[in-house]
Amino acid sequence: MTVWAASPAAAVGTPTGFGAGTTGGGSASPVTVTSGSALISNMQASGPRVIRVQGMVTISGMQDVASDKTILGVGSGSGITGGGLDIDGATNVIIQNLNFRNWSDDAINVQDGSTRIWIDHNDFNFNGADGALDIKRASDNITVSWNKFSNHDKTMLLGHSDSNGSQDRGHLRVSYHHNWFNGTNQRHPRVRFGNPVHVYNNYYGGVTSYGVASTLEGGVLVEGNYFENTRDAYHCGEGSSPPGALTVRNNTLASSAGSTSGCTGSVRSIPYSYSLDPSGNVKSIVMSGAGVGKVA
């Protein structure tokens, strides 16, 4: 983990997991935006773009992000308030180092077959109306890494409806790693149909309802995580959704407990190589490295 030394001109690092190969705007000449209108016009333009957001900009509603875009916050105080980003049928998008505040629907919504998406080192905090980061409708090959989520209810949904299996089966493959869930409530993630889904090396601190839920035809590998003061770290089934498959290994449970009771089916093999931090080290690693103003 290194601290930002200067405002970067492109995304820092490369994704591991299902989002590997995502390049966003690549080496396109960066443009710096300081208003919501400038952000919207640039992120909805055709062709590759690297968009540097300077300061907190205001948008309303859910605003589309087109393919081949990198949206990158400058320093630790830049981001988006008032609305959210809708990655809708897009491919090759990077969202990095942004603060999300006061979103009126979702902060980030990934849907309608979007693929090769990397959401990294962002901060989602307070006052959002719905999901902080929802992924649905056959989206695929996505990595969610090194983000910090604080004081929010519906954190991360993966698969939006029990009735959407015809579209979702064979998709919704997501890697969630090195994220910090800080006093959030539920959906870290709540999974339907995605198999395999890889949840590893995350820190769950004071999660109040539940951590991970594997439901209808989902298959989730939960490994190497640190759960602290999280009474329901993981389980199968949620609400009216029947149980899915869940494999649990090498986690640290500090004043926490989880259950695989009632789980059904099997979790498919993870198809990529990855390095796994020892779960006992994950709390300090993630608290030092997750969120804005840092790269991993």
Side-chain angles (χ1 to χ4, degrees), residues 1-17 19 22 24-25 30-36 38-39 42-43 49-59 63 65 69-85 87 93-103 106-110 117-128 131-134 142-152 155-156 175-184 188 201-206 282-296:
M1 188 266 301
T2 55
V3 178
W4 296 95
S7 297
V12 177
T14 56
T16 59
T22 304
V31 58
T32 299
V33 301
T34 58
S35 69
L39 171 63
N42 278 278
M43 71 185 187
R49 296 212 178 184
V50 175
I51 305 161
R52 302 167 73 249
V53 178
Q54 175 75 60
M56 293 297 295
V57 302
T58 300
I59 63 176
Q63 296 292 335
V65 180
K69 299 294 182 291
T70 296
I71 306 176
L72 176 70
V74 175
S76 60
S78 298
I80 295 169
T81 186
L85 302 181
I87 304 172
V93 174
I94 297 172
I95 309 296
Q96 191 177 66
N97 198 51
L98 292 170
N99 293 283
F100 289 89
R101 302 288 187 268
N102 303 312
W103 52 92
D106 296 333
I108 300 178
N109 181 34
V110 183
I117 310 297
W118 184 28
I119 299 169
D120 177 71
H121 276 102
N122 302 290
D123 189 295
F124 303 80
N125 194 0
F126 292 109
N127 298 328
L133 171 53
D134 287 356
I142 297 166
T143 292
V144 178
S145 57
W146 295 100
N147 302 284
K148 183 179 180 182
F149 301 84
S150 301
N151 306 300
H152 188 66
T155 308
M156 297 191 305
S175 302
Y176 298 93
H177 72 85
H178 293 95
N179 299 288
W180 180 1
F181 303 110
N182 177 37
T184 46
H188 308 90
N201 282 164
N202 301 285
Y203 171 49
Y204 295 76
V282 164
K283 176 180 177 179
S284 60
I285 290 170
V286 171
M287 290 181 72
S288 296
V292 295
K294 303 167 184 177
V295 293

Flag, side chain of [X] to backbone of [Y], donor-acceptor distance under 3.5 Å:
{"X": "Trp103", "Y": "Ile108", "answer": "no"}
{"X": "Asn179", "Y": "Val144", "answer": "yes"}
{"X": "Gln63", "Y": "Gly83", "answer": "no"}
{"X": "Thr143", "Y": "Gly19", "answer": "yes"}
{"X": "Asp134", "Y": "Met156", "answer": "no"}
{"X": "Asn97", "Y": "Leu72", "answer": "no"}
{"X": "His178", "Y": "Val282", "answer": "no"}
{"X": "Lys148", "Y": "Asn182", "answer": "no"}
{"X": "Asn147", "Y": "Ile119", "answer": "yes"}
{"X": "Asp123", "Y": "Phe100", "answer": "no"}

Worksheet item: Looking only at side chains, do Arg101 and Thr81 share a donor and an acceptor under 3.5 Å apart?
Response: no

Measuring from atom [atom1] of [X] to atom [atom2] of [Y], what distance do you get when rounded to the nearest 0.5 angstrom?
{"X": "Leu39", "Y": "Ile51", "atom1": "CG", "atom2": "CD1", "value": "6.0 Å"}
{"X": "Leu85", "Y": "Lys69", "atom1": "CG", "atom2": "NZ", "value": "13.0 Å"}
{"X": "Arg49", "Y": "Met43", "atom1": "CZ", "atom2": "CE", "value": "12.5 Å"}
{"X": "Ile95", "Y": "Leu133", "atom1": "CD1", "atom2": "CG", "value": "10.0 Å"}
{"X": "Ile80", "Y": "Asn122", "atom1": "CD1", "atom2": "CG", "value": "9.0 Å"}
{"X": "Leu98", "Y": "Asp120", "atom1": "CG", "atom2": "CG", "value": "10.5 Å"}

Worksheet item: With a 4.5 Å heavy-atom cut-off, do Ile71 and Val53 have their side chains touching?
Response: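 Yes, their side chains come closer than 4.5 Å.
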
Discussion item. Checking Phe181 now: which residues fulfil ring pair (Phe, Tyr, Trp, His ring centres under 6.0 Å) with it, not counting sequence neighbours?
Written reply: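 Listed in chain order: Phe149, His188, Tyr204.
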
Practice prompt. Take the angle between the ring planes of His177 and Trp146 and call it parallel below 30°, perpendicular above 60°, tilted in between.
Written response: perpendicular

Minimum-distance pair of heavy atoms, taken over all atoms of [X] and [Y]:
{"X": "Thr70", "Y": "Gly25", "answer": "OG1-N, 2.9 Å"}
{"X": "Ala107", "Y": "Ala132", "answer": "CB-O, 3.1 Å"}
{"X": "Ser35", "Y": "Val57", "answer": "N-CG1, 3.7 Å"}
{"X": "Thr22", "Y": "Pro15", "answer": "O-CD, 3.9 Å"}
{"X": "Gly293", "Y": "Ser76", "answer": "CA-CB, 4.1 Å"}
{"X": "Ala38", "Y": "Asn42", "answer": "O-ND2, 2.8 Å"}

